[in-house]
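Step one of this worksheet: look at the structure below.
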There are 2 protein chains.
Amino acid sequence: MSSRPAKSTQPLELADAHAKGLHSIGEAAKLTGLTAKMIRHYESLGLVTPTDRTQANYRVYQTRDIYLLRFIKSARDLGFSMKQIAILASLWQDSARSSAEVKKLALEHIQEMDERIHSLQQMRKALSDLAGRCHGDERPDCPILDAIACNSCHNTD
Amino acid sequence: MSSRPAKSTQPLELADAHAKGLHSIGEAAKLTGLTAKMIRHYESLGLVTPTDRTQANYRVYQTRDIYLLRFIKSARDLGFSMKQIAILASLWQDSARSSAEVKKLALEHIQEMDERIHSLQQMRKALSDLAGRCHGDERPDCPILDAIACNSCHNTD
DNA sequence: GTTAAGGTTTACCACTGTGGTAAGGTCAAG
DNA sequence: CTTGACCTTACCACAGTGGTAAACCTTAAC
């Protein structure tokens with residue numbers, strides 16, 4: 001009955017895909033909490049390639065792909081960059097990895113976050129000190145603007 | 001002798017500009033700690049327009065412009081966005097401003113920074129907890145990858 | 001006067017990660 | 001067969017910065 005071409009290039013219809021437990025991009029989006037837009041973007045970065053395409057060129061995802069997309073989402077939620085996620089994903093799929101490699105990446109990312117936190121906290125402190133000295137009423141004089149302009153550093157010509 | 005066209009469109013040479021205490025973009029960059037690139041970018045955003053141009057179309061900055069550029073740099077150093085800086089600069093130059101307007105902007109920015117700090121700290125804590133549980137040796141099993149992949153959530157097919 | 005070095009001009013492209021839009025093809029239900 | 005929801009690709013946008021290139025200007029040395 002099925003004179004299928006033996007290769008994986010059999011014409012695949014969407015209904016077939018559903019029957020086989022495969023997913024369209026919209027379903028993948030719902031299953032992962034990502035948007036279709038983001039999934040296509042991650043594909044363009046080489047992170048997730050759909051298992052197949054239907055006759056109509058629709059992307060078709062396997063359960064395995066869904067897990068990978070969830071992995072990416074979780075890593076994004078931890079603040080990893082796409083580059084770091086690419087490495088993490090390859091480590092994840094490499095059964096010969098060493099946990100030291102993963103931990104190294106994690107510690108580097110923690111340090112990056114520490115630096116950003118520190119920088120933000122410094123800015124926050126400087127600005128909130130200034131805001132604390134600003135009366136914040138209808139009058140124009142304002143320590144915040146004074147500090148930004150460094151009014152004491154020059155003549156206001 | 002000088003039959004200059006009376007308008008401000010007298011041909012201006014770079015040497016003239018220097019004699020008048022005016023500055024080229026490179027000098028402005030050195031005086032402010034910005035790059036020429038950034039100064040042109042700020043101009044494209046409508047923040048700083050050079051006072052004049054030389055005959056050769058070189059940008060010419062007045063001392064007043066230098067102060068404005070320093071203002072922008074300081075505000076950037078406090079983490080304000082370009083849009084916020086545009087408002088801050090207009091408030092700075094508006095002698096009828098109320099300090100309440102400035103303070104409101106500052107407090108909003110502080111809140112934005114607080115949110116970013118909080119988000120970073122949450123990610124940092126989650127990841128450092130995971131890293132603390134990762135032995136980080138040559139073995140492949142790794143709580144960090146487990147958590148990202150949520151291995152307990154599905155069968156590893 | 002010529003030349004070389006370095007400053008300046010505009011106009012591009014890159015990054016990061018996401019959102020939007022548009023013009024078109026496809027699928028399922030009525 | 002129409003309608004609406006979905007999918008496709010290909011653009012533009014954000015915020016700031018860095019980079020490049022080709023062409024022009026200025027200055028100083030020779």
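From a predicted model like this one, the values you see are computed outputs, not experimental measurements. Letters A, B, ... mirror the listed sequences (proteins, then strands); counts begin at 1.
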Calculate the interatomic distance between [X] atom [atom1] and [N] atom [atom2]; express it in whole Å.
X	N	atom1	atom2	result
H41(A)	dC15(C)	NE2	P	10 Å
E43(B)	dT8(C)	CD	P	14 Å
D52(B)	dT8(C)	CG	C1'	16 Å
E112(A)	dT16(C)	CD	C1'	13 Å

Considering only heavy atoms, which members of residues 120-128 of chain B lie under 4.0 Å from some atom of DNA chain D?
none
For [X], what residues pass the salt bridge (Lys or Arg N to Asp or Glu O under 4.0 Å) criterion, not counting sequence neighbours?
X	value
R124(B)	D114(A)
R76(B)	none
D94(A)	none

Pairs flagged by salt bridge (Lys or Arg N to Asp or Glu O under 4.0 Å) wherever residues 127-136 of chain B is involved - sequence neighbours left out
K125(B)-D129(B)
Roughly how bent is the helix from dG1(C)-dC30(D) to dG30(C)-dC1(D) end to end, in steps of 10 degrees, with each end axis from five pairs?
30°
Identify, with sequence neighbours excluded, every residue that meets side chain to side chain donor-acceptor pair (under 3.5 Å) alongside [X].
X	value
Q93(B)	none
K37(A)	none
E138(B)	none

With the sugar-phosphate defined as primed atoms, P, OP1 and OP2, and the base as all remaining atoms, what B/S/- string results for nucleotides 5-11 of chain D, 5' to 3', for protein heavy atoms under 4.0 Å?
-BSBB--
Result block: side-chain N/O donor-acceptor pairs under 3.5 angstrom for residues 99-109 of chain A, not counting sequence neighbours:
unit_1	atom_1	unit_2	atom_2	d
S99(A)	OG	H135(B)	ND1	3.0
S99(A)	OG	G136(B)	N	3.3
S99(A)	OG	D137(B)	N	3.0
S99(A)	OG	D137(B)	O	3.3
S99(A)	OG	D137(B)	OD1	3.3
S99(A)	OG	R139(B)	O	3.3
E101(A)	OE2	S98(A)	N	3.1
E101(A)	OE2	S98(A)	OG	3.3
K103(A)	NZ	A131(B)	O	3.4
K103(A)	NZ	C134(B)	O	2.7
K104(A)	NZ	E108(A)	OE2	3.0
H109(A)	NE2	L78(A)	O	2.9
H109(A)	NE2	G79(A)	O	3.2
H109(A)	NE2	F80(A)	N	3.4

Where along residues 73-85 of chain A does a heavy atom fall under 4.0 Å from DNA chain C?
R76(A), S81(A), M82(A), K83(A)
